[in-house]
Amino acid sequence: MLATPQIQKEIQRRRTFAIISHPDAGKTTLTEKLLYHGGVIHETGEVKGKSGTKAVTSDWMELERQKGISITSSVMTFDYDGLRVNLLDTPGHKDFSEDTYRVLMAVDSAAMLIDVAKGVEERTKKLYEVCRLRKIPIFTFVNKLDREGKDPLTLIDEVEKTLNMQCYPVTWPLGIGQRFRGIYNRLTKEIWIYDQRREEVEDYKIIPFEKGKDDAILYDYLDKESADQVIEELDLIEGALPPFDVNEFLNGQISPVTFGSAKQNFGVDTFLQFFTKYAPGPQPRHTKDDKEIDPLDAKFTGFVFKIQANMDRRHRDRIAFIRICSGKFERGMKVQHSRLERELRLSYSSQFVAADKETVDEAYAGDIVGVGDTGNFAIGDCVSTSGKVQFEDIPKFAPELFGRLSVRDALKRQKMQEALQHLSEEGAIQLFIEPHVGAQDPIIGAVGELQFEVLMHRLKDEYNLEVKLNRLPYSVARWPRTADGKPVTELKGGANMFRDLIDNPVVLVNQEWDLNWLKRENPDVEFQTSISRA
Ligand code: GDP
């Protein structure tokens, strides 16, 4: 059964997306400008948490500020042109790729940000592949046009070749670096001339422009060399490209490209206009039993893609972030928790707008709500107002770094154990329990070095625990399973067997060579690199 027309209307105006990029490409700066255009913040410079200004949730952790990187992912919501836009932040650093993968499970499209001087960088490529795997439509924003960089044709060629995907330039830059004056929007046939004298200006002139007929206009705003170059480039692309086909974009076959400078607020508005016109609304979701759930369904469904403890230090709270997949959410509603097979009330709920957390009473498919959690939720858990629903798994990465923590004050061991439990439920680290030692002294696994650093920082900052990390020589974790997916608890060949947080057997070995040995000794066993949480 479909939801009421009123609810359907609300669902259809949701747009949920994430920005993916290599660190330093300008994600924070672009986010800030988008929030600015969305009317959420009124002065730029708020996002990075510069002293004296407000920090948005994407930078709430002190360590993030110290390191200047974005570690935790958060959600920012704004209205633009009648749409409700949810922008999910993704950590750029590779050590937090697991977090980013989870976020990409919760969006319907992505914007890939590329530095014009650097082109396609390693992280961009990895994240792009995840989007491709999920068939998420991808916008491309080429940033930092106010700096010298690759010329736009070379850059587009590089994106196409490196990512094996066709690009469709929606806008074209008028000049680059010192000579960057504006943008030509090929779809609306307008040129936007920006005022470069001040940073972060809103002033621009919009002039109708038809290639071939109005070329002379370019010479009024650009130096001769730049104008000649733009005309030559436009001749090339206009002749070579078929018209924009929105279906090819929605199927993930082409990526529309816009150019700009996030820092100078050039081209962000043209991007937003294009985004709001073409970004897909909430998409249907597949369940494990191969059904598809329509976002317009009357039944409320959703899944937890992120858990965050201690956002508010005073209350030791824990928030489970739910992506709503269908229907309407109401505060206090009763839902079926699929994994626990019981009913639960979603009572305390919030949405995030910049640094402010606001209570929400209702939300719709496409939205993200944070619900208060007392330990019922794990990443990947599904909730629904009618019957059991299990969406596709959220991947979990095999850690490659391992260690054990020791706390100086023996009386604090219990506290450390609790803290580790919380943080591993959040997905910040993974815990492995040795059968003879037990949960009081677990082994900790991380995907990247920074995860350990954040762990130590948070143990001190949030739990007041001074601990020492002793590294262990393991570098590979695998979940042994039979061909039909049953956990294998004993292996031949002297394996070090452990248990993960949800009691699955795991084997830890020092290097790939040891794993190959185990594979030879146990030819019937599959050594899985990840398993689902739920
Ligand atoms: P993130 O790591 O991707 O979040 O990147 P940031 O937004 O923190 O930007 C990294 C650096 O690039 C900062 O010094 C920004 O001021 C700068 N930056 C971002 N966008 C632009 C741009 O359009 N032009 C120039 N010149 N610098 C930019």
Side-chain angles (χ1 to χ4, degrees), residues 17-27 30 90 92-94 97 100-101 104 107 109-177 180 183-187 211 226 229-262 267 270-271 274-275 278-280:
F17 82 115
I19 302 175
I20 55 170
S21 73
H22 195 84
D24 266 356
K27 187 157 57 71
L30 180 64
T90 53
H93 198 282
K94 69 174 174 27
S97 23
T100 303
Y101 275 55
L104 292 176
V107 298
S109 64
M112 175 168 71
L113 188 61
I114 291 176
D115 181 326
V116 69
K118 297 194 176 143
V120 178
E121 296 175 86
E122 170 238 326
R123 286 291 299 152
T124 328
K125 197 159 176 254
K126 283 256 164 59
L127 296 167
Y128 165 80
E129 279 158 12
V130 183
C131 295
R132 199 81 196 252
L133 217 63
R134 279 213 54 224
K135 299 197 174 70
I136 305 174
I138 302 164
F139 297 89
T140 301
F141 186 94
V142 181
N143 192 26
K144 305 199 186 180
L145 263 289
D146 58 309
R147 283 214 195 136
E148 299 306 326
K150 304 182 185 195
D151 77 76
L153 280 174
T154 310
L155 189 102
I156 287 202
D157 192 48
E158 179 184 324
V159 175
E160 291 192 334
K161 291 217 170 84
T162 324
L163 303 180
N164 192 20
M165 174 193 57
Q166 226 194 316
C167 291
Y168 183 91
V170 174
T171 65
W172 199 258
L174 305 179
I176 185 170
F180 179 47
I183 299 284
Y184 165 49
N185 188 331
R186 298 181 55 229
L187 294 188
K211 173 77 201 58
S226 302
Q229 191 184 337
V230 170
I231 291 169
E232 199 179 305
E233 288 165 345
L234 290 179
D235 277 340
L236 263 173
I237 54 168
E238 299 284 338
L241 286 173
F244 178 64
D245 180 340
V246 67
N247 288 321
E248 284 184 344
F249 160 60
L250 294 175
N251 296 334
Q253 288 161 280
I254 57 166
S255 178
V257 182
T258 52
F259 293 84
S261 161
T270 36
F271 166 77
F274 184 80
F275 173 86
Y278 292 106

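None of the values given here were measured: they were computed from a predicted structure. Counting from 1, the numbers follow the sequence of the chain as shown.
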- Hey, does L241 have a side-chain heavy atom less than 4.5 Å from the side chain of P169? yes

- Distance (rounded to the nearest 0.5 Å) between L155 CG and E160 CD: 10.5 Å

- Query: Does the side chain of F244 come within less than 4.5 Å of P256's, by heavy atoms?
  - Reply: yes

- Item | CZ on R123 to CD1 on I20, rounded to 0.5 Å | 9.5 Å

- Distance in Å, H22 NE2 paired with K118 NZ, rounded so as to fall on 0.5 Å steps: 7.0 Å

- Item | T258 versus T270, side-chain donor and acceptor atoms under 3.5 Å | no

- Query: Can the positive tip of R186 be found less than 6.0 Å from the middle of the six-membered ring of Y168, inside 45° of the ring normal?
  - Reply: yes

- Query: How about L153 and W172: do any of their side-chain heavy atoms sit closer than 4.5 Å?
  - Reply: yes

- Item | Candidate list D146, V116, D151, test side chain to side chain contact (heavy atoms under 4.5 Å, CB included), partner I176, passing option | V116

- Aromatic centroids of F275 and F17 separated by under 6.0 Å: yes

- Side chains of V257 and V142: closer than 4.5 Å at any heavy-atom pair? yes

- Minimum side-chain heavy-atom gap P137-P280 below 4.5 Å: yes

- With K125 via side chain to side chain contact (heavy atoms under 4.5 Å, CB included) - residues at least two apart: V120, E129, T162, L163

- Message: Is there a side-chain contact between Q253 and Q166 in this structure, where contact means two heavy atoms from C-beta onward sitting under 4.5 Å apart?
- Response: no

